[in-house]
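Taking it in order: structure first as structure tokens, then the write-up.
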Amino acid sequence: IQTLQCLEKAYIKDAVTAKEYTEACSKLLAQISAAFNLVKSSTYQDIPTFMKEFYLDCPAALQRIEEGKPITVQDNQGNISKSIADVISLYITLCDKLQMDMR
């Protein structure tokens, strides 16, 4: 969980590429899920309870665990804002190139 938190911070700081992040995040999510299934009991019914018990302050990791996928994985329900920003960025670049007669 702490490793996933560090990975999230590294991605936000642009210290890892999107490809590296996606691969590592997918792997960590699978490992966390498998590991939690081994310790799941009446005491630790879910990951937030486990995190509170062991004083793990990892909000970015918890959000990623709850979503169940890396932030770079797009679907019809998520990452719409990122897609819109990408389209706008490409549009502005295209307009700038046309204005400067760069074809």
Side-chain angles (χ1 to χ4, degrees):
I1 293 172
Q2 289 177 333
T3 304
L4 183 58
Q5 178 74 16
C6 290
L7 179 63
E8 290 293 316
K9 287 182 180 180
Y11 182 68
I12 290 168
K13 294 177 183 177
D14 208 21
V16 294
T17 66
K19 183 180 179 184
E20 292 170 331
Y21 166 81
T22 303
E23 291 172 359
C25 187
S26 296
K27 182 178 178 180
L28 286 170
L29 288 171
Q31 290 174 331
I32 289 168
S33 177
F36 184 71
N37 285 335
L38 295 175
V39 298
K40 191 174 183 178
S41 66
S42 59
T43 307
Y44 311 118
Q45 295 179 3
D46 56 13
I47 292 178
T49 305
F50 178 84
M51 290 174 67
K52 285 179 187 175
E53 179 72 24
F54 289 96
Y55 304 102
L56 296 174
D57 183 30
C58 303
L62 181 58
Q63 181 181 6
R64 193 63 41 232
I65 292 166
E66 288 174 348
E67 289 182 14
K69 62 180 172 47
I71 198 168
T72 53
V73 174
Q74 296 182 1
D75 59 16
N76 291 335
Q77 297 174 352
N79 297 319
I80 293 173
S81 296
K82 183 182 181 312
S83 297
I84 291 170
D86 289 343
V87 169
I88 291 170
S89 173
L90 291 172
Y91 176 75
I92 292 170
T93 302
L94 175 65
C95 288
D96 289 346
K97 286 185 177 187
L98 289 174
Q99 286 177 351
M100 296 189 314
D101 290 327
M102 295 175 62
R103 294 184 173 132

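Enclosure of atom CG in Asn37 by more than 12 non-hydrogen atoms of other residues, nucleotides or ligands within 6.0 angstrom is indicated.
Looking at Ile1 and Phe54, their side chains never come closer than 4.5 Å, going by heavy atoms from C-beta outward. Contact annotation: the side chain of Thr72 never approaches that of Cys25 to less than 4.5 Å [non-hydrogen atoms, C-beta and beyond]. Looking at Cys58 and Glu8, their side chains never come closer than 4.5 Å, going by heavy atoms from C-beta outward.
The distance from atom CD of Glu67 to atom CG of Leu62, rounded to the nearest 0.5 Å, is 10.0 Å. Separation of atoms NZ (Lys27) and CD1 (Ile32) is listed at 12.5 Å; rounding is to 0.5 Å. Distance check: Thr93 OG1 to Tyr91 OH gives 11.5 Å after rounding to the nearest 0.5 Å. Taken from CZ in Arg64 to OG in Ser26, the straight-line distance is 10.5 Å, to the nearest 0.5 Å. For the atom pair Tyr44 OH and Met51 CE, the distance stands at 13.5 Å (nearest 0.5 Å). The OG atom of Ser33 lies 9.0 Å from the NZ atom of Lys40; values are rounded to the nearest 0.5 Å.
Distance alone, capped at 3.5 Å, places no donor-acceptor pair between the Glu23 side chain and the Glu20 backbone.
Side-chain contact, Asp46 with Thr49: a donor N or O sits under 3.5 Å from an acceptor N or O.
Residue Glu66 comes nearest to Pro48 through the heavy atom pair OE2-CG, 4.3 Å, listed as atom of the first residue, atom of the second, then distance.
Taking the six-membered ring where the residue is Trp, Tyr11 and Tyr21 present parallel rings, their angle staying beneath 30° rather than reaching 60°.
A continuous path of hydrophobic side-chain contacts links Leu28 to Val39 [ILVMFWY only; heavy atoms under 4.5 Å].
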